[in-house]
Amino acid sequence: MRVHAVGISRSDRDVYLGRRPVPYVRCPVTPGYEWSGTVTAVGQGAPASLLGRKVVGEGLRNRETYAPCRDGDTDPRRRRCGGLRRRRTVPG
């Protein structure tokens, strides 16, 4: 997808300013937990009707489908962040 807008959180800002505790930062860091954009390509098995669709995304893994969260491990270092970029590949 082509990214149009990104939500920058307080924790993103704290990483940028060097205030985020070291255990919660894995470099390299690309900020942005939420993003919006336009689908520019689809992978195998995804409907072509998604092309050109406006979409939004969030970098937190779903607690019901991500095994560590289901098992009680909610470590914030396991988030899929990185919305602040021109293009982003996401699961369909």
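Just so you know, these numbers use all the heavy atoms, side chains as well, and skip hydrogens, waters and symmetry mates. Note that this is a predicted model, so its numbers are computed, not measured.
In the model, Ser11 has no side-chain atom that pairs as donor or acceptor with a side-chain atom of Asp14 under 3.5 Å.
With sequence neighbours excluded, the residues that form a side chain to side chain contact (heavy atoms under 4.5 Å, CB included) with Val15 are Arg20, Val25, Val29. Under the side chain to side chain contact (heavy atoms under 4.5 Å, CB included) criterion, Val56 pairs with Ser36, not counting sequence neighbours.
Within the 4.5 Å cutoff, the side chain of Trp35 has no heavy atoms near those of the His4 side chain.
Annotation: the span from Arg2 atom CZ to Thr40 atom OG1 amounts to 7.0 Å, rounded to 0.5 Å.
In terms of heavy atoms, Leu50 sits closest to Val42 at CB-CG1, 3.9 Å.
Follow the hydrophobic side-chain contacts under 4.5 Å out from Val6 and you never reach Tyr16; the two are in separate clusters.
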